[in-house]
Structure formats: structure tokens, C-alpha cells
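Keep in mind it's a predicted model, so treat the numbers as computed, not measured. Both backbone and side-chain heavy atoms feed into the values below; hydrogens, waters and symmetry mates do not.
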Amino acid sequence: MKKIINDPSTVVAEALRGLAAAHGDLLRVHEDPAYVARADAPRRGKVALVSGGGSGHEPLHGGFVGLGMLDAACPGAVFTSPTPDQVQAAVEAVHGDAGVLLVVKNYTGDVLNFETAAELASAEGIDVRTVVIDDDVAVKDSTYTAGRRGVGGTVLLEKIVGAAAERGDDLDACEALARRVVANVRSLGMALTACTVPHVGEPTFTLAEDEMEIGIGIHGEPGRARVPLEPADGIVRRLVEGVVEDLPFVEGDRVLLFTNSMGGTPLVELYLAHGVAERLLAERGIRVERRLVGPYVTSLEMQGMSLTLLRLDDELTELWDAPVRTPALRWGV
Amino acid sequence: MKKIINDPSTVVAEALRGLAAAHGDLLRVHEDPAYVARADAPRRGKVALVSGGGSGHEPLHGGFVGLGMLDAACPGAVFTSPTPDQVQAAVEAVHGDAGVLLVVKNYTGDVLNFETAAELASAEGIDVRTVVIDDDVAVKDSTYTAGRRGVGGTVLLEKIVGAAAERGDDLDACEALARRVVANVRSLGMALTACTVPHVGEPTFTLAEDEMEIGIGIHGEPGRARVPLEPADGIVRRLVEGVVEDLPFVEGDRVLLFTNSMGGTPLVELYLAHGVAERLLAERGIRVERRLVGPYVTSLEMQGMSLTLLRLDDELTELWDAPVRTPALRWGV
Amino acid sequence: MTCTAEDLVRALRAVAAAVADHRAELTELDRVIGDADHGENLRRGFLAVVTKVDSADLDTPTAVLKAVGTTLISTVGGASGPLYGTAFLRAANAVTEKSEVDGPAAAEALRAALGGVVARGRAEIGDKTMVDALSPAVDAAVAAAEAGGDVAAVLAAAAEAADRGAESTTPLVARKGRASYLGERSAGHLDPGARSTALILRALASSAGAR
Amino acid sequence: MTCTAEDLVRALRAVAAAVADHRAELTELDRVIGDADHGENLRRGFLAVVTKVDSADLDTPTAVLKAVGTTLISTVGGASGPLYGTAFLRAANAVTEKSEVDGPAAAEALRAALGGVVARGRAEIGDKTMVDALSPAVDAAVAAAEAGGDVAAVLAAAAEAADRGAESTTPLVARKGRASYLGERSAGHLDPGARSTALILRALASSAGAR
Ligand SMILES: Nc1ncnc2c1ncn2[C@@H]1O[C@H](COP(=O)(O)OP(=O)(O)O)[C@@H](O)[C@H]1O
Ligand SMILES: Nc1ncnc2c1ncn2[C@@H]1O[C@H](COP(=O)(O)OP(=O)(O)O)[C@@H](O)[C@H]1O
Ligand SMILES: [Mg+2]
Ligand SMILES: [Mg+2]
Ligand SMILES: [Mg+2]
Ligand SMILES: [Mg+2]
């Protein structure tokens, strides 16, 4: 295993120290239990947005703490959901008496830990709501699975609902908006290589030199199917088709297209893939009105990408465009 | 070779199409000869800042085109300097009758090609100056080498001089400022893994599972020394010492610390390394007043990192803080 | 033979040792059909449990079990953290007011633990989860207690049944947790949580039997 | 025997073919002490050269050489683009007003080419660059021309000397270009640019000799 770390068991704590040093103007890091909070939290009268999940997906979630996005993020161990006491402490630190919305990616661990935290915080008299995001079309959503995973759509949800909270929407409105985003966002990812979890020391799966994995998760877990490697046109076509046909997105839809790197894929490839996706969507008459391109929901050093489409309306577009000032997303301010 | 591409010979052109699609609000891409220009160029009366170099270092340089930074960037083939006609065309497209400053990383190929372009543009009556950046302390600077390479410091130079040009500094002032940045900035990088150039199809060098390369270049070229892999503390100490002792940076110096990923190193490791660097600098009494952490000067999917230190004064700090609106750096606007 | 708070603490040290010894095995099982963290999650959790029960002054079985539950919840994370944590909290509730746990009480505690896991995780037998190990363990424990078994006998029966229950997960297609994303590809592999349940029960039984 | 514009175009096709055939070899040489693009750079450049000289109506050697120079400059990039480009531009200047290139003119053109490379790159013999191949090639060409050799003889002599000159770069420590970053580690490897210079001259010589 080749990593710039000291000890697998201190990776997250040490990275948080670096995050705090790098972005002291935007956020504060609390060490035990570990959470990242907006520097100016709590904001009285503002709905607080709190998220979290396993580490190793950076900049998700800590890189999205700041004005117009998250009030707090709770990082678990690498690829392991945080514990309820982290979430509870974060909620108590940042809530501004206007309620708290928990943004939870749909994994059994995250759901159970946030659920427990919500119970604890509610017992303290804080109005806590939970929205679960499950945008990954790779997973069959049925009573016979844990349901779809939350992946790339999480960033879009955090940005849009963060903007709503920032402009003063109340908890009901924020919760309803979050559900609207969930209802209109879909993602699909793929990997060329696996990643190595520090305490495991070897890749989570292996792919031959001529194979790729479609429908990959963001925790180094295998995906839906292993198929022969294809040129970018073929790869992106698979992702576009998977995403578009699921909702489905149809001719005339206005969308936000998010082309995401799993971490190890260089920007030159990502922009290339983004160009292909724009072309394929144009062919279907789907109008890309906003874009995000970069490594935002990653899986350590995994090479691969995902596509996320969000169906836009005027309000979602306005909230997407609204000012945001976080380590990883910043505009308008 | 596992990459999301269609054909090695069209990678750069296709990536530029994706860049244009993603950031049409900020920039325009010209196809043949290839260059990226600010959407609102030429800006009358403003000094134009033009840079470029081989592709594969994204977001450098195309990702830094926009308000407060570059007016144009010329992307060569992967790891190959651009040709003079690209640079000449870019210069002619964006100059605003206040002169043009070419920012050239110190590689023989870049220097020769930009030099030729400068001759051609001067012949057209455009006042063109060139500043060569050579901040890589890994290379012995002597008459027996091509001199130090330009690496991470390039981003800082482009940001700071871009801000000066934006506020209306004239060509002499911009040139002098650029030389001041060059005089005060130093970098050192290392790699855990090599990268694969698309048309080569295999890694540019090989490192054993227990080795790392210190003083790595950003073109997949080998570095200064191959040594056994170390924990993050040791790696960062090597980089800090190499950089600090070169200028040298001394107790009481105010600096900007730029912790850069070579592309394949995940953010969680990069922040961890950044935290270590902050600690080591604090121990030496060097005051970190500004930071940049992320993958900004990359070498495709190479895993590794570099540290860059820039000695700050009030003016450099003010120019660093000034508004910038580009695909990869954005604040204050 | 019964089990005091002190016996329980000794048994938990044995559990922590067993989990640490099998960290790599659990991680490997989870690598194949999950995300390769189960071994590390439980190692971290039970290390914290040992630190906790060693430092706090816990003089009843219910106090010990409660400390275990809250510690697991606040240190494990993942799916297994709240599940095992809830299991221990429910077990703690089942033995309130007892200063020693006898055979029937142990069976009752295990039944309560299973109830907690199911309440949180909503898994059924055959879903390829820890329930597939814990549920037959409860049945065996109850039967052993009804047959007059002491704590050691009850736990031995539970461990035995949990081992077989864990084995039974191999051919199953997962319907809960992370392994369910794999669909049919999850068949042919032992469930890491079922395996860890069997391991934990085996360590508890051995500790009780050794007295 | 002399060399017309048409002969020159034929010879350039041979050069392009040689460069394409040796692309992998040049890339590999550059991979070891550089950045692995020399083969691809020259393949791209000479492909463009062939397209250019085939499409344009170039009826003098100087016009052909000038087209080669400008095409290389605008398509190769890297260090070798401006260097080879300037070499061909200077060679073009050296043969202005000639409709055919004879032995002495060929030697003169090579001398001018070397002058261009040195003017741009400021390398000296022993710096481990293309100069180490080109410089002895010029000496040999001049000697052959003085001995009354025709174009074929002059180029053959140049190619022969360039081969030996290229070989001579192996033990050297690079002092110019990207390989100089390696310091002592650059010794023991053939310089890619010296090798490509030898290849180009060999292809020119073979084409001239085949007539
Ligand atoms: N809904 C559930 N009910 C019961 N057990 C579950 C459930 N979901 C997962 N598990 C158990 O948890 C184990 C995985 O635990 P762990 O790897 O620590 O968490 P995670 O899946 O979050 O990484 C599985 O092997 C399974 O036995
Ligand atoms: N200053 C110089 N003078 C003469 N030749 C040089 C000089 N610098 C580099 N070269 C030649 O250029 C070759 C490398 O060319 P190429 O790989 O195409 O460019 P780059 O080094 O920019 O990647 C070297 O092998 C060397 O022969
Ligand atoms: Mg997990
Ligand atoms: Mg090159
Ligand atoms: Mg797991
Ligand atoms: Mg090269």
C-alpha cells in the first residue's frame, strides 16, 4: 500500500487537523467526537444542515461546510459511517433554534447511526428531520435490497438545500425541497481501478487490465457488472443511458450535469468524458443548463467516474446559482 | 493502460471540448491552433497574461483562465510544450493593446517555443515580455543543466500577476511583479507512483511497492533520488526542508503554503500532509498566512504531492486575496 | 454456575481478544461482499469496550452490558455499530436488578439482543445478516436453559448454533446491508456480521466454560 | 547526382516512414531519461510534413525545406520542434536560388542546420543532445563534399558519422534539455534526439542512394 499517511488508525484525525489549518476562515474542527462546523455557527434562526458519512470521499462532506451549504459534517472512519454521538454533538453545536435537517446517504450504517442520533437530539428538544438520498441507479431498489445508495446527488442536494436554508427557508420548506431534489436526481458510476482502504492495505477488489466495473459504489465495494474496457464514448454512453432511462429524463428536460471523478481519474479525462456526455444529452434533446465537473464525491484513489443528472426548474436553478463559500465549492461571494 | 479516452491522439482536443462545454461562462476554446481564452477577451487597456504548456497537468493552465488570472492558455500535447503558432494566435486573440506577458515554465521545449512565438508576435508590433518560472529546488541550477523546472509556483504567479493586471498595472509593473514572485517562490515534489502518458501506454517509470521518488518532475520524468517509502511525517519533512533551506525561508517569514496533489493522491492524504507541513513550519517560526490545498499542478494520475512556499509581503498578500473567477480558482467575486 | 459483573468483564476481554485475532478474517469477508471494514470496526469498538469496562466502576451485569452497548454505538460506526450496540443495550435491560446472570437470564438476554437487532435492522432469517447467526443461537440458548443448563451450557449451545447459522449464510443472496447491492453475486460468501456474531458468542461461551 | 525538389519530397516521405517505424524506440529512449514523447512528437511532425509537401506546390529545394521547417515548428512542440524546425529553415536559407542541391550544397545546408540548432539550443558537443550527432555529421559531410562526393555520398558520410555520434552520447551526463535534470543518472543511456538525428540522416541518405 502506497499512501502519504503515518498510521491507518489516525488518518482521519490527522486529515481533519490539516483541513482546519487550511480553512480556518471557513470552518472549525472539533476533535472528539469528530465533526466539522461552519466557523460562524450556530446561526440564530437559520435551519442547520448537517451531513456526514465515512471518510475517503473528500471533499464530501467536510469540504462542503460553509456559507450556503452545510453547517456541519461528521466524518466517520474511512468508508465507515460516523457514530451517533458525533452527529448528536454536531447537531447541538450548530443548531440555531430553527431546526436541523440531517442529510443521510442511503447506506444501512449511515441510516442507523443518524437515526440513533436523531432520537438523541430530539430527546434534547431539537426539531430534527432526516432526508435520505438514494440516487444510485446501479442498485435495484426493491424490498429485497437495502435500496439505492446515495452518491453524487448528495453534493447537489447539499448545495441547493444549503442555499434555501441560507436565504431563510424554514425546516418544513428545507425538508420538502430536499425530497424534491431526491426525487429528481439520478447517478451512475464506473471504475477502472479499485482503491485501497488504509487499514486494509490492499485493494478492495481487483480488475484485470482489460476490465472495468459498471455501477461501482463509492466505498470500494464492487458494482453491478464487470465488463470489458471500452473507449470513453462507450463508457459515457452506458452511464448516460443508465441515468436518463431511470427517472426517466426526457426530451426538453432542463438539467444539471455533474461529471464526477472517483478521485484517481485525471481532469483531462474527466473533461473529455464531460464533453461526450454533453453531446449524448444534446442528441436526446435534454438541455444541460448547469454543470459541475471535478472530483467531488470520491473513493480514495480509485480511477473512474460517475454521472449525475438533476432535473432543474427555476427554483432549483436559482438555488444552485446562489452564493456558496466552502473549501470545495465557491462562487457568488 | 486504463483511461477514459477514445484515442491517444485526440485526448487533448476532446478534453478541450469538454472544458468549453463546462465553462462557457468563463472561457472560449479555439480549436486550431488550440488555445483557451477568457470569454470577455480582449480587454482593452489591460495587460494580457498568457501561459501554456504540455497537457496532463490540469487544471494548469486552462483551468486558470478567467477574471483575475490568465487571459489565455495554450495546451500542448500531453507533457509536450505547445507550438509557437498556438501561442502567437492566443496572444493576437487576447491582447488589449497594453502588452502581453508570457508565463513560461522553465523547460527547454517551453522556453524555445514561447521564445519563437514572442518573436513572431513582436514582429506584429505587440509588446510581448516573457517571464520564466523555475521554482523546483529538486534540480541543481547551474550552467550544467537546463536549470530549475517550473512547477507549483506557476499557479501562484499566475494568480498574483493576474490580479495585478486586472487592477490595471502596466506591463512593466506586471513583469517586475512576476520576477518578484519567481524570486520568492520554491517547490519540491515527490511521487509514490508513476503516470501513464496516453500515447505511450505504460508508466513512464516504475517504483517498487516500498519506494518513493523525491524531486519528481511533473512530466512523469524521474526525480532526484529514489528512497524507501516513509510515513507522511518523513515525506513532508523532506519537502519542507528542501524548500525552506533553498531560498532560504527564515524565522519570521510570512508565507503562502501550497500543498499540491500530483493528481492521484486523495484529498484525505493531502490534508493530512498539509497539517504536517503547517506543524513543521510553525516549529521553524515561519508564519503561514495563506494556504492553497488541492490538485492544481498535476501529472495525470500520478500519486504524490509537492509543497510550494511563497514569501509574502503586503502587496503579494493583497493580490493573492483579490477576486478570481476561473474554473479551478474562484473567490471574492 | 452464574455470571457476575466481574465474570462478564473477563468475558468481554476474551471477546475483544477474539475480535482482534480475527480482524483480518472479518475484513477479508467484508472485502468480498462489502467494504472491508467490519474487522477494523469491531476491533476499534471492543478495544474501546475493554478500556471502558476496565476504567469505570461497573458492579452489576446490567451496568456492564449498558456500558458495552453505548461504547459500541459511539465507536464502531457502520451498520454493525448500532446493531451490536442496541443488542447489548437490550440485553442490559433484560438483566436489570440481577447481580448475577444464570442460565435462563442469559437466554433471555440473548433473546432481547436479537429483538434489538431486528428492531433496528429489520432483517429476517435468510437475509444473509448477523440475524442468521443470532436467531438460531437464541433458540438453542432457550432450549438449553429450559433443559436446566447453567450460563456456560446456555452460551455453549448458543455458540454452537451461531456457528452453524453463520455457515448457513454462505449460499444466500443478501437482502439487507451493503452485500445486497451485489445481488446474486453475494451468494457463495460467508456474511461477515454472522461470522462475528458466532465469534463473539464463542468467546463468551469459552470464558464462561473456563471457570 | 544532385537532388531536386521532387527528390527531396521523396526523401522526406522516407524520413517520415523511418520516424514512424522507430516511434516506439524513440519514445522508449525518451522514457528513460526524458518524458517519453520524442517518438510521438516526431511522428506527428513528419506526418504533417508529408501532408504539407504533398499538398503544396513546392518547386525548389528551398521551398520544400522551408515548408518542412515551419511545419515542424507548428506541429512538434517540445524541445525538438523548434530545434529541428530551425534546422530545416536554416538549411532552406542555405540553398536559396538553387534548383538542385549538389554535394557541396548539401554539406552547406547541414552546416547551416547545425548552426540553427546551436543558435536556438546553445548546446555544445558533449552535452548529450542532437548536436552530438549533427556536429560530426556536418564534419563528415564537408569532408565528403571536399573529396568530390555527390549528394548521396555526402549524406551517406553524414549518416555514418551521425550514427557514431549518437552512440557516443550513451556514456555522457546530460547538460541540456530534460535529461539534465537526472544529473549522473542520465549516463548510460542513448540520447533520443541524437538517435532521431541519425535516423533522419540515414533515411535521407538511403533515399538519395537509391536513385
Ligand atoms: N439490516 C441489517 N440487519 C442485520 N444485520 C445487518 C443489517 N445490515 C447489515 N448487517 C450486518 O452488518 C454486517 C456489516 O457490518 P459492517 O461491515 O461493520 O458495516 P457496514 O456494512 O456499514 O460497512 C453485515 O455482514 C451484516 O451481518
Ligand atoms: N538545448 C538543446 N540543444 C540541442 N538539443 C536539445 C536541447 N535540449 C533538448 N535537446 C534534444 O531534444 C531531445 C528531446 O526532444 P523531445 O523529447 O521531443 O522534447 P522534450 O524534451 O521537450 O520532451 C533530446 O533528446 C535532445 O537531443
Ligand atoms: Mg462500512
Ligand atoms: Mg516533452
Ligand atoms: Mg463493512
Ligand atoms: Mg521528450
Side-chain angles (χ1 to χ4, degrees), chain A residues 1-7 11-12 14-23 55-56 58-59 63 78 192-193 195 207 209 212 229 231-233 235-236 259 263-278 288 291-293 295 298 300-301 303-305 325 327 330-332, chain B residues 1-7 11-12 14-23 55-56 58-59 63 78 192-193 195 207 209 212 229 231-233 235-236 259 263-278 288 291-293 295 298 300-301 303-305 325 327 330-331 333:
Chain A
M1 171 180 56
K2 301 187 98 168
K3 293 191 177 288
I4 305 176
I5 61 173
N6 289 312
D7 172 350
V11 165
V12 174
E14 289 186 74
L16 287 175
R17 235 166 280 151
L19 183 77
H23 304 290
S55 292
E58 289 70 22
V78 172
L192 295 174
T193 62
C195 58
L207 279 170
E209 191 52 28
M212 60 180 180
L229 189 60
D233 284 350
I235 293 171
V236 176
T259 303
T265 282
L267 267 190
V268 66
E269 293 175 38
L270 199 65
Y271 275 117
L272 188 154
H274 178 77
V276 176
E278 293 253 4
V288 179
R291 299 78 188 161
L292 183 66
V293 183
T298 63
L300 294 173
E301 69 279 10
Q303 282 181 265
M305 62 173 291
R325 199 160 78 98
R330 214 182 275 230
W331 57 73
Chain B
M1 172 180 56
K2 303 187 96 167
K3 291 189 179 292
I4 305 176
I5 61 174
N6 288 311
D7 172 350
V11 165
V12 175
E14 289 187 73
L16 287 175
R17 235 166 279 151
L19 183 77
H23 304 290
S55 293
E58 289 70 22
V78 173
L192 295 174
T193 63
C195 58
L207 279 171
E209 189 54 27
M212 61 180 180
L229 189 60
D233 284 350
I235 293 171
V236 175
T259 303
T265 282
L267 267 190
V268 67
E269 294 175 38
L270 200 66
Y271 275 115
L272 186 154
H274 178 78
V276 177
E278 294 253 5
V288 179
R291 294 90 181 156
L292 183 67
V293 183
T298 63
L300 295 172
E301 69 279 10
Q303 282 180 265
M305 63 171 292
R325 200 161 77 98
R330 211 182 277 229
W331 57 72
V333 63

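If you measure heavy-atom distances from Pro327(A) to chain B, the contacts under 4.5 Å come from the side chain alone. Only the side chain of Gln303(A) comes within contact range of chain B, with heavy atoms under 4.5 Å apart. For Leu207(A), the parts lying under 4.5 angstrom from a heavy atom of chain B are both the backbone and the side chain. Leu192(A) touches chain B through backbone and side chain together, each having a heavy atom under 4.5 Å away. Contact annotation for Thr265(A): only side-chain heavy atoms (C-beta onward) come within less than 4.5 Å of a heavy atom of chain B. Proximity to chain B is limited to the side chain of Val293(A), based on heavy atoms less than 4.5 angstrom apart.
Contacts with chain B were tallied for Ala273(A), Gly332(A), Ala232(A), Gly18(A); Ala232(A) has the most, counting heavy-atom pairs under 4.5 Å. Among Ser55(B), Gly264(B), Gly275(B), Ala21(B), the residue making the largest number of heavy-atom pairs under 4.5 Å with chain A is Ala21(B). Heavy-atom pairs under 4.5 Å with chain B were tallied for Glu209(A), Arg330(A), His23(A); the largest tally goes to Glu209(A). Among Ile235(B), Val276(B), Asp7(B), Asp233(B), the residue making the largest number of heavy-atom pairs under 4.5 Å with chain A is Asp233(B). Among the candidates Lys3(A), Met305(A), Glu278(A), the residue making the largest number of heavy-atom pairs closer than 4.5 Å to chain B is Lys3(A).
Closest non-hydrogen pair, Pro231(A) versus Asn6(B), comes out as CB-OD1, 3.3 Å. Closest of all the heavy-atom pairs between Leu229(A) and Met1(B) is CD2-O, 4.0 Å. The shortest heavy-atom contact between Val268(A) and Ala15(B) is O-CB, 3.3 Å. Minimum interatomic distance between Val11(B) and Leu272(A) (heavy atoms only, all atoms of both residues): O-CD1, 3.7 Å.
Atom CE of Met212(A) is separated from atom CD1 of Ile4(B) by 9.0 Å, given to the nearest 0.5 angstrom.
Side-chain contact between Leu267(B) and Leu19(A) is absent, with no heavy atoms from C-beta onward closer than 4.5 Å.
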